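Scroll down for the structure; my scribbles are underneath it.
These values consider heavy atoms only, across backbone and side chains, with no hydrogens, waters or symmetry-generated copies. Just so we're clear, the structure is a prediction, and the values are computed from it rather than from any experiment.
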Amino acid sequence: MATASSSLRQPIFRQYPCLPRNSRYLTPLQFSFPRFPSRIRASSAVALEPIDLEESSTQLNNGLEFDLFSCPVCYEPLIRKGPPGLNLQAIYRSGFKCNSCNKSYSSKDMYLDLTITGGSKDYNEVQPNRTELFRSPLVSFLYERGWRQNFNMSGFPGRDEEFKMAQEYFKPVMGGLLVDVSCGSGLFSRKFAESGTYSGVVALDFSENMLRQCYDFIKKENPALATNLALVRADVSRLPFATGSVDAVHAGAALHCWPSPSNAVAEISRILRSGGIFVGTTFLRPSFGNSSIPSILRPFRQRILQNYNNLTEKEIEDLCTTCGLINYRSKVQQSFIMFSAQKA
C-alpha cells in the first residue's frame, strides 16, 4: 500500500505529456485498431472478458499503469488494466479503478462512464430539464439532422466556419490533448480528430444517447477516427482529469445549457495546463427589442430565459477572468459568440 500511495502522487502516464506553451503540430499518436463491423449498432452490447481490478493495488508494476483519466470523486489518477491507448477499442477493453475510493469504472456501449453515479444500483438523480432534453434519444438523433443547422438563424456561421475559427484560437496548443466538453453527437469532436493536429481527442458529454450517436457517425463516416478519439460520459462540473493535464478544451454551443456555468468554467480552468486554451461558443442573452431574435422564438422568450443560462459578453469575460483565465478574446455575430481564454 505504501508503494501505491507514493505512486499516486506521480503525474499521469507519459503517453500524454503536457506540451510546452509554444508547441506546434506533432505527429498524432497511432494505435492499431480493427475496423468496426458494419452491422454493429451504437446501442448494441459487445461481450468482452471481465476485468478483475481487485488486485490492482498490489500489482501496479504488473500490466497496470496510471491513466490519463482521474476519479470524478477524488481526482486521483485512475489505475488502468487493459490495452493502452486513447482510442475506442482500447478503452472499451480496459478496466479502471481509483485506488483511493476503491471505485471501479467501465465502458458501456463504446463510451467510458466517468460520472460520480456511474455504476450505482439504487440511487438516481433528477437533472434539470435542459439536461434531460439532450439525453432524449429523439433529440440526440435530430441534433445533426436539422436541430443544429437552425442555429444559423441566430448568427452561428456553421460547422466548417466554426471549426476554422476554433482552430485559429487553438494554434498555440496544436499537438496536445483536446477535450471537447458537452460534445453532443460529436459534431466537432470528429472534426478535431480528423484534422490530425492533436495527440488525442476526448469527446465528453453527460448524455448517453449523444455519445451513442457520435459512435454511430464514426462507424458510418470514418471508422479510422476511432484510433485517436475516446468517448467519455462525464459531468462538466466534475471533469475526470488531473489538474493541469489538458492542453485544449472546446465547448460548442454549450455554456447556456450548463446548470452552473461558473462550476463548469472553474473545472475547465482546473484541468488546463499553464498556457492551455479554452474555446467556447454560445447564445448571448437575447435583447428582446432586437430583430436578432427569430420571430418563431419570440412568443417563447420567457421560457428561453428560464431554461437556459444565456449570458452577456461582459458576463462571459468576467466569468473566465474570475476562474483564472487570461487573454480573453471573442467574435460576435448577432446572438452568436465565440470566445477564447488562456490558463495563466
Side-chain angles (χ1 to χ4, degrees), residues 15-16 25-46 68 83-94 107-112 134 137 140-149 151 156-168 170 173-205 207-233 247-254 279 281:
Q15 284 177 297
Y16 304 100
Y25 174 79
L26 297 177
T27 304
L29 299 175
Q30 298 294 327
F31 307 105
S32 59
F33 174 72
R35 294 177 67 87
F36 291 116
S38 59
R39 293 176 182 265
I40 291 181
R41 292 185 58 83
S43 58
S44 62
V46 181
L68 163 71
L86 188 67
N87 62 77
L88 293 182
Q89 193 75 332
I91 289 177
Y92 188 74
R93 298 187 67 85
S94 295
S107 295
K108 300 175 181 179
D109 296 331
M110 280 297 177
Y111 66 83
L112 176 61
F134 291 101
S140 301
F141 178 82
L142 292 176
Y143 190 74
E144 290 189 44
R145 298 173 174 91
W147 183 293
R148 186 51 160 77
Q149 288 80 350
F151 288 9
F156 279 68
R159 179 190 184 192
D160 291 341
E161 184 60 27
E162 288 174 54
F163 173 73
K164 290 178 183 178
M165 293 166 65
Q167 286 288 77
E168 284 295 315
F170 282 136
V173 292
M174 284 184 177
L177 174 69
L178 181 145
V179 178
D180 188 16
V181 300
S182 299
C183 68
S185 55
L187 182 69
F188 290 100
S189 308
R190 306 195 307 273
K191 292 282 285 185
F192 289 126
E194 191 175 40
S195 72
T197 52
Y198 302 95
S199 61
V201 175
V202 177
L204 182 149
D205 203 280
S207 168
E208 307 90 327
N209 285 303
M210 283 290 190
L211 293 171
R212 292 182 186 119
Q213 281 296 316
C214 184
Y215 171 68
D216 259 347
F217 282 123
I218 292 170
K219 180 183 65 174
K220 294 173 183 177
E221 296 176 357
N222 189 356
L225 292 181
T227 62
N228 198 36
L229 186 147
L231 302 180
V232 174
R233 181 175 182 245
D247 299 281
V249 175
H250 176 261
V279 174
T281 62

Run the numbers on Arg148 and Glu162 for salt bridge (charged side-chain N to carboxylate O under 4.0 Å, His left out), then give the verdict.
CA-CA 12 Å; Arg148 186 51 160 77; Glu162 288 174 54; 2.9 Å; yes
Side chain to side chain contact (heavy atoms under 4.5 Å, CB included), that's the test. Do Gln213 and Glu208 meet it? Break it down for me.
CA-CA 9 Å; Gln213 281 296 316; Glu208 307 90 327; over 6 Å; no
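Here the shortest heavy-atom pairing between Leu88 and Met110 reads CD2-O, 3.9 Å. Closest approach of Ala230 to Leu86, counting heavy atoms only: CB-CD1, 3.8 Å. Among all heavy-atom pairs drawn from Asp247 and Gly176, the shortest one is OD2-CA, 3.3 Å.
Scored by the ring pair (Phe, Tyr, Trp, His ring centres under 6.0 Å) test, Phe217 finds no partners at all (sequence neighbours excluded). Partners of Glu221 by salt bridge (Lys or Arg N to Asp or Glu O under 4.0 Å), not counting sequence neighbours, listed by chain and number: Arg190. Qualifying side-chain contact (heavy atoms from CB on, under 4.5 Å) partners for Ala248, counting only residues two or more places apart in sequence or in other chains: Phe170, Val173, Leu178. By the side-chain hydrogen bond (donor to acceptor under 3.5 Å, both in side chains) test, Asp180 pairs with Ser189, His250, sequence neighbours left out. Checked against side-chain contact (heavy atoms from CB on, under 4.5 Å), Ser207 has the following partners two or more places apart in sequence or in another chain: Arg135, Ser140, Asp205, Asn209, Met210. In this view, Ala251 and Val181, Ala254, Trp258, Phe278 satisfy the side-chain contact (heavy atoms from CB on, under 4.5 Å) rule, not counting sequence neighbours.
Residues Ser195 and Phe163 have side chains in contact (heavy-atom distance under 4.5 Å, counting atoms from C-beta outward). Between Asn228 and Asn87 there is no side-chain heavy-atom pair separated by less than 4.5 Å. Taking the side chain as every heavy atom from C-beta outward, Leu68 and Leu177 approach each other to under 4.5 Å. Residues Trp147 and Phe134 meet the side-chain proximity criterion, which asks for heavy atoms closer than 4.5 Å. Residues Leu211 and Ser185 form no side-chain contact, since every pair of their non-hydrogen atoms from C-beta on lies 4.5 Å or further apart. In this structure, the side chains of Leu112 and Arg233 stay at 4.5 Å or more apart for every pair of heavy atoms. Residues Gln167 and Lys191 are not in side-chain contact: their nearest non-hydrogen atoms beyond the backbone lie 4.5 Å or more apart. Put simply, the side chain of Cys214 reaches to within 4.5 Å of the side chain of Leu231, judged on heavy atoms.
The aromatic ring centres of Tyr92 and Tyr111 sit 6.0 Å or more apart.
Atom CZ of residue Phe141 and atom CZ of residue Arg212 lie 15.0 Å apart, to the nearest 0.5 angstrom. Once rounded to the nearest 0.5 Å, the distance linking CD1 of Ile218 with OG1 of Thr227 reads 10.0 Å. Of the inter-residue distances, the one linking Gln89 atom CD with Ser107 atom OG reads 10.0 Å to the nearest 0.5 angstrom.
Below 30°, between 30° and 60°, or above 60°: for Tyr198 and Phe192 the angle between ring planes is above 60°, a perpendicular geometry.
A donor-acceptor distance shorter than 3.5 angstrom exists from the side chain of Gln149 to the backbone of Glu144, with no hydrogens or angles considered. Side-chain N or O atoms of Thr281 include one that pairs as donor or acceptor with a backbone N or O of Ala253 at under 3.5 Å.
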